[in-house]
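What you see is a predicted model, and the numbers here were worked out from it, not measured in a lab.
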Amino acid sequence: MKNLTELEGNWIETKGKLKQKFALLTDNDMLFAEGKKDEMLGRIQIKLGKTKEELAAIIAAL
């Protein structure tokens, strides 16, 4: 997965791309709060039914 700094810096763009690809994701699912990255990624994993590795691959491919 993109490193934390890269993910934080590009989160607005990445979030938009994820929402385009997976319409069932909401802004609340993708709320990026300082220190809560793992919690947010866990919510997205559950919502999409993907493993951590699958989600990492999806984000890296955006």
Side-chain angles (χ1 to χ4, degrees):
M1 179 178 297
K2 297 176 180 181
N3 68 43
L4 179 58
T5 305
E6 200 175 335
L7 184 60
E8 285 177 4
N10 298 321
W11 184 241
I12 293 171
E13 181 181 345
T14 301
K15 178 171 71 169
K17 289 179 181 179
L18 281 170
K19 284 176 68 176
Q20 286 176 355
K21 189 168 184 157
F22 301 101
L24 67 139
L25 292 174
T26 66
D27 285 332
N28 285 339
D29 293 329
M30 297 186 293
L31 183 61
F32 194 104
E34 188 67 33
K36 301 280 186 165
K37 179 187 99 170
D38 291 335
E39 182 180 317
M40 176 204 59
L41 293 174
R43 283 193 309 267
I44 295 171
Q45 280 178 247
I46 291 168
K47 190 101 176 211
L48 298 179
K50 304 287 184 189
T51 66
K52 189 173 189 173
E53 292 77 20
E54 289 171 326
L55 182 58
I58 291 167
I59 291 173
L62 295 176

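By the side-chain hydrogen bond (donor to acceptor under 3.5 Å, both in side chains) test, Glu13 is found to be paired with Lys17, residues two or more places apart in sequence or in another chain being considered. In this structure, the side chain to side chain contact (heavy atoms under 4.5 Å, CB included) partners of Glu39, at least two apart in sequence or on a different chain, are Lys36, Arg43. Take Asp27 and apply the side chain to side chain contact (heavy atoms under 4.5 Å, CB included) test, not counting sequence neighbours, and it matches Lys15, Lys19. Here Lys47 pairs with Asp29 under the salt bridge (Lys or Arg N to Asp or Glu O under 4.0 Å) rule; sequence neighbours left out.
Of all heavy-atom pairs between Trp11 and Met40, the closest is CZ2-SD, 3.4 Å.
Within the model, atoms CD1 of Ile46 and CG of Leu41 stand 11.0 Å from one another, a figure rounded to the nearest 0.5 Å.
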Donor-acceptor pairs under 3.5 Å, side chain of residues 55-62 to any protein atom, not counting sequence neighbours: which ones?
none

